[in-house]
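Below: the structure, in structure tokens.
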Amino acid sequence: MFALVDVNNMYVSCERVFRPSLNARPVVVLSNNDGACIARSNEAKELGVRMAQPWFEVRHLERTAGLIALSANFELYGDMSARMMALAAEFAPRQEIYSIDECFLDFDGVPGDLAAIGRALRSKVLQWTGLPTSVGFAPTKTLAKLANHVAKTAERKPGSYPRALAQVCNFGELTAPQLEAVMRATEVGAVWGIGRKTTARLNEGGITTVLDLLRADASALRRQFSVVIEKTVRELRGTACMSVDDAPDANQQIMCSRSFGAPVTDLPTLIEVASQFTTQVARKLRDQRSVAGAVQVFIATSPYRQNDRQHAPSATLPLPRPSADTRVLIAAAVRALRSIHRPGFNYVKAGVMLVDLQPEGQPDATPDLFGFDPPTDAPQRSAEKLMTALDALNQRFGRDAVTVASAARHGGPSAHASRQERRSPRYTTRLDEIATARA
DNA sequence: TCTGGGGTCCTAGGACCC
DNA sequence: TCTGGGGTCCTAGGACCC
């Protein structure tokens, strides 16, 4: 049996832990540029705020309905996530961390009442971190996701499902007719892997509920869609096609991209931004002990600014030899950027992606054909030492304590800097932002 | 005025190999 | 004049996830 543990409205719940006055109020958390809503409390959902909805579209609810908006505080959420994951891991032999707020647990071979274990897990996480979770148990991952959906929905919308399924839902203890009723009451779009487009096409074919999908002809669906949906149907029928992977591979690509607070046209500013983004991805690259074979850069104008001429180029620059050296990667990113930038366009977004990742320390399989002076190991090793020292300094003295000059922030916050006007303190990771209690 | 960011996997089609 | 068959690799684009 598998479990899926998931924090309810993760980002909002993290904020509420340190500001209980947010409880029972409509709250949203905004994306990096205070641009769109990326998390909503149940009360905000009730007001009709949609996922990823632009903030300016719902801003009026601040006055009319008491909606509260906060800037995203990813440092806080990441730290809260780590605490929650560590607690959840104690309850099963294997854990797969699936996203910042979700993990799968594999209970294979664990005796006892799983629903009781689920409730114990839930209350421990709640007591130790303050985060409310939902837990779903089932024989496959897809069903466990569905059971979790039922647990959450039964809690949030009374009457949608039997009350007994709220918070912790174990499909394993339902009778066949009970399970069938649940499948009939659930829209097909709630299934993991069935997105917007597929839902629309399935609906056209008369498949609207999970029960419809479960009973459909899997091989016909495979022909019409792809092998992915066939696997989903098999999982819904109880055949496990996926296992809990507690040692996921390193990322195959690492990206940093962001919209600006204001449009940018000039190359020097874009170079500064690209250098900063590259600094971020390079550190992540070294964290996972990989090297990158190529650097990809893109810039884009805004499709929403209809009077602007549009330009959204990208370029990929292969490196002579794979590297994790921030200086090398920035040089490549800047060259790629220079090759695509055109003056006169209002760019509102940029991104840097590291691709062709490989584990570090592998023998150089393809030495540079044109490397007339092939680098010996000595400069290579000194570059690695430099990066190690850089990471250690920034770990100890704070991000960007030491950085490559082109990535240095000149003066105060610039116009293109991302807006974060409503960010809460990073209570758990910065000593000077720690929560204070008053008598 | 203001419209998220970071990932994965699958498929189709073209280039290329012998 | 007639012009194969089986395979790999790469890329772009699309769909999905949270």
Side-chain angles (χ1 to χ4, degrees), chain A residues 4-11 28-40 49-60 62 69 71-72 74 77-78 81 96-104 141-142 145 148-149 152 188-202 222-232 241-242 245 248-263 277 280-281 284-285 288 293-294 296 298 300-308 314 316 318 346 348-357 415 418-422:
Chain A
L4 182 77
V5 182
D6 163 311
V7 179
N8 303 341
N9 313 327
M10 169 76 175
Y11 298 167
V28 293
V29 172
L30 302 177
S31 62
N32 246 315
N33 209 26
D34 285 357
C37 306
I38 53 171
R40 307 155 294 157
V49 180
R50 283 175 287 109
M51 187 59 181
Q53 187 167 17
W55 168 235
F56 72 87
E57 284 181 15
V58 294
R59 175 166 216 157
H60 62 278
E62 251 184 324
S71 302
F74 292 113
Y77 311 150
S81 171
E96 174 183 339
I97 295 174
Y98 177 68
S99 73
I100 192 163
D101 73 325
E102 276 177 62
C103 66
F104 287 101
K141 285 171 114 178
T142 303
K145 286 279 280 186
N148 181 280
H149 169 82
K152 207 180 307 174
V188 69
V191 174
W192 189 34
I194 307 294
R196 227 181 55 246
K197 302 265 185 182
T198 308
T199 300
R201 286 175 63 192
L202 286 173
R222 176 184 183 147
R223 265 177 273 120
Q224 201 188 340
F225 295 88
S226 81
V227 65
V228 182
I229 195 168
E230 186 188 21
K231 203 163 87 172
T232 298
C241 305
M242 292 178 271
D245 182 4
D249 294 340
N251 287 344
Q252 298 175 35
Q253 55 184 50
I254 297 175
M255 176 156 85
C256 178
S257 76
R258 207 135 301 160
S259 324
F260 308 141
F277 289 4
Q280 299 302 313
V281 291
K284 282 194 199 170
L285 183 72
Q288 71 164 36
Q296 189 176 332
F298 73 86
T301 53
S302 170
Y304 300 107
R305 297 168 65 101
Q306 296 201 348
N307 295 328
D308 280 9
S314 78
T316 306
N346 286 323
V348 299
K349 187 174 184 174
V352 173
M353 186 154 46
L354 301 181
V355 295
D356 283 353
L357 306 191
S418 138
R419 276 189 306 276
Q420 279 205 317
E421 289 163 1
R422 308 149 174 268

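A note on names: the letters A, B, ... follow the listed sequences, proteins ahead of strands, and every chain is numbered from 1.
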Touch class at under 4.0 angstrom, heavy-atom based, for [X] against every strand present:
X	value
A:V191	sugar-phosphate
A:I100	nothing
A:E102	sugar-phosphate

Would you confirm whether [X], through its side chain, and [Y], through its main-chain N or O, come within 3.5 Å as a donor-acceptor pair?
X	Y	result
A:E96	A:D245	yes
A:S71	A:R422	yes
A:S81	A:D101	no

What is the distance from [atom1] of [X] to [atom2] of [N], rounded to the nearest Å?
X	N	atom1	atom2	answer
A:R422	B:dC2	CZ	P	16 Å
A:F74	C:dC18	CZ	C1'	11 Å
A:R59	B:dT1	CZ	C1'	10 Å
A:R196	C:dC17	CZ	P	10 Å

Is there a side-chain contact between [X] and [Y] (heavy atoms, below 4.5 Å)?
X	Y	answer
A:K284	A:C256	no
A:L202	A:I229	yes
A:L357	A:Q288	yes

(Q) Please pick, from B:dT3, C:dC18, C:dC16, the nucleotide with the shortest atom-to-atom distance to any side-chain atom of A:T198. (A)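 So the nucleotide nearest the side chain must be C:dC16.
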Among the nucleotides B:dC2, C:dC17, B:dT3, which one has an atom lying closest to any side-chain atom of A:P54?
->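 Closest nucleotide to the A:P54 side chain: B:dT3.
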*Could you go step by step and tell me if A:F277 and A:M353 meet the side chain to side chain contact (heavy atoms under 4.5 Å, CB included) rule?*
CA-CA 9 Å; A:F277 289 4; A:M353 186 154 46; over 6 Å; no
In B/S/- notation (B base, S sugar-phosphate only, - none; protein heavy atoms under 4.0 Å), nucleotides 4-14 of chain B written 5' to 3' is BSSSBSSS---
Worksheet item: Which atoms form the tightest heavy-atom contact between A:T232 and A:W192, and what is the distance?
Response: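 The pair with the smallest heavy-atom distance is CG2-O, 4.0 Å.
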Residues A:V29 and A:A72: closest non-hydrogen pair is CG1-CA, 3.6 Å
- Would you tell me if any nitrogen or oxygen in the side chain of A:R305 comes within less than 4.0 Å of OP1 or OP2 on B:dC2? yes
query = Name the stems that DNA chain C belongs to, where each is three or more consecutive Watson-Crick or G-U pairs with both distances under 3.5 Å?
reply =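 Counting only runs of 3 or more consecutive pairs, the stems involving DNA chain C are B:5-18 with C:5-18.
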Worksheet item: Say you pick atom C1' in B:dG4 and the same atom in C:dC17; how far apart are they, in whole Å?
Response: 14 Å
